[in-house]
2 protein chains.
Amino acid sequence: MKSQKELSKTDHSTEDKIKNAARLIFHKKGYAATRTRDIAEEAGINLALLNYYFRSKEKLFDIIMLESLQGFLHSIKEVFNNEETSLENKIETLVSNYIDLLIEQPDIPLFLLSELRNNPNELVSKINIKQVLMNSYFIKQFKHAMNDGIIATMNPLHFIMNILGMTVFPFIASPILKSLSDISPADFEDLMNQRKILIPNWIKGMLIV
Amino acid sequence: MKSQKELSKTDHSTEDKIKNAARLIFHKKGYAATRTRDIAEEAGINLALLNYYFRSKEKLFDIIMLESLQGFLHSIKEVFNNEETSLENKIETLVSNYIDLLIEQPDIPLFLLSELRNNPNELVSKINIKQVLMNSYFIKQFKHAMNDGIIATMNPLHFIMNILGMTVFPFIASPILKSLSDISPADFEDLMNQRKILIPNWIKGMLIV
DNA sequence: GATTTTTTTAATCATTTGATTAAAATATTT
DNA sequence: AAATATTTTAATCAAATGATTAAAAAAATC
């Protein structure tokens with residue numbers, strides 16, 4: 001089990017050291033609350049180096065943001081466009097993969113959602129999430145099963161909201177959930193691991209005609 | 001249907017004008033990204049007045065934060081401790097109330113979750129969410145029904161995560177969801193209103209033994 | 001209506017913070 | 001080894017930003 005910091009791939013080059021530090025702090029505090037000096041300190045470099053390599057805070061942020069978003073979508077892409085697996089299998093794999101990802105990097109969802117909130121972000125259109133998700137093989141399978149009466153009729157958006165809501169929300173709300181009961185971080189992780197099995201079962205229950 | 005701004009209760013007094021402006025901007029941009037000058041401009045007052053009435057940005061923020069958190073918990077409190085209603089009824093009421101609340105004030109969840117993320121917040125302990133939720137009549141009913149074999153066995157936390165996840169998450173992720181498909185804000189609101197019926201049904205499905 | 005208190009304003013301060021610059025240190029090339 | 005290019009640093013700048021102050025305006029009190 002590696003810590004967030006150790007996890008940061010080989011920071012051999014100075015550029016990587018800065019990027020890894022930036023990722024860590026941006027993810028934890030968001031753009032506005034992050035000081036370039038904090039990044040420099042975390043990276044163990046002089047502040048001027050940050051601007052030497054990345055020109056500005058904003059450009060550095062854009063790089064981190066793009067990579068984070070791509071990384072987060074990568075899991076979905078992989079699963080959604082696999083033409084070999086069943087609908088059920090996709091649900092199981094998606095939930096399980098995401099819970100693993102979120103246990104490792106619990107700050108990612110709140111980071112992404114906060115930063116995408118207002119920004120008239122070209123990123124979202126750049127990445128073309130719509131194409132990736134709504135035109136995926138997974139959605140085709142889903143619609144097909146609906147037409148064949150195998151699963152209940154439902155707007156696919158409801159379906160996606162339910163999967164993501166049940167999977168991602170606990171991590172977003174973990175500070176509150178942890179204070180709700182007296183669960184330790186280890187207990188919380190156990191609960192999340194239980195959900196790898198539970199969520200797919202609940203989801204399947206929603207699909208029964 | 002009032003806009004967020006008009007909704008702001010009677011800003012008769014200067015103090016109220018400032019608080020309402022602060023609430024609007026803090027909710028939308030978060031603490032770090034908010035400039036006291038923006039609040040002053042939104043309130044239509046001189047910047048010095050903000051400090052005259054509230055001493056500092058931080059003190060003003062603390063007031064808004066406390067009120068927002070209390071407001072958000074108020075809905076739960078009301079429903080959870082009603083000893084007249086059934087478990088099913090509580091679920092329906094809670095989901096319906098929250099969806100109404102979130103349609104009116106969609107910025108609240110991301111605001112609360114972002115700001116509570118790191119802060120070693122005394123607020124959370126001050127408000128004592130634990131007492132409100134985990135020792136509520138609702139949880140008693142839930143545990144009782146489990147013991148009697150009326151509903152499936154499940155950690156109550158899973159149950160709360162599922163209700164809140166399915167209810168709140170779509171609003172947090174709405175910027176992305178809206179770009180996912182081509183739904184208009186009106187379409188989105190329709191979807192959310194559908195969920196007032198759908199979510200309680202899905203939840204009940206999870207509880208079947 | 002004069003006096004005192006409260007509210008509001010314009011101007012300014014001090015600190016923070018993103019960014020730059022010129023020089024030093026290090027690495028690379030010739 | 002000398003010359004050149006690259007990387008790093010310390011010092012500093014300029015703008016943004018939270019906060020204060022002293023004076024003006026308005027309201028309340030006598």
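For the numbers below, each heavy atom of this structure counts, side chains included, while hydrogens, waters and symmetry mates do not. All chains are named by letter (A, B, ...) in the order of the sequence lines, taking the proteins before the strands, and each is independently numbered beginning at 1. Bear in mind the structure is a predicted one, so any value in this text is a computation, not a measurement.
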J.: Are B:Phe26 and B:Phe61 close enough that their ring centres sit under 6.0 Å apart?
T.: yes

J.: Any side-chain heavy atom of A:Leu24 within less than 4.5 Å of one from A:Asn20?
T.: no

J.: So, does B:Thr14 get its side chain near the phosphate of C:dT7, meaning an N or O under 4.0 Å from OP1 or OP2?
T.: no

J.: Taking CD from A:Glu41 and C1' from C:dT16, how many angstroms apart are they, rounded to a whole number?
T.: 15 Å

J.: Taking all non-hydrogen atoms of both residues, which atom of A:Phe171 and which atom of A:Ile99 are closest, and how far apart?
T.: CZ-O, 4.1 Å

J.: Checking all strands, does A:Tyr53 fall into the base, sugar-phosphate, or nothing category for heavy-atom contacts under 4.0 angstrom?
T.: sugar-phosphate

J.: Quick check, are the ring centers of A:Tyr137 and A:Phe80 under 6.0 angstrom apart?
T.: no

J.: Can you confirm whether B:Met206 sits close enough to B:Asn162 that some side-chain heavy atom of one is under 4.5 Å from a side-chain heavy atom of the other?
T.: yes

J.: Under the side-chain hydrogen bond (donor to acceptor under 3.5 Å, both in side chains) rule, collect the residues that match up with A:Asn89, sequence neighbours excluded.
T.: A:Thr93

J.: Let me know the distance between CG of A:Leu49 and P of C:dA24, rounded to the nearest Å.
T.: 17 Å

J.: Whole angstrom is fine here: how far is it from CD in A:Glu15 over to P in D:dT7?
T.: 9 Å

J.: Using whole Å, report how far CG of A:Asp38 lies from P of C:dT16.
T.: 12 Å

J.: For nucleotides 11-24 of chain D, just jot down a letter per nucleotide in 5' to 3' order: B, S or -, based on protein non-hydrogen atoms under 4.0 Å.
T.: ------BBBBB---

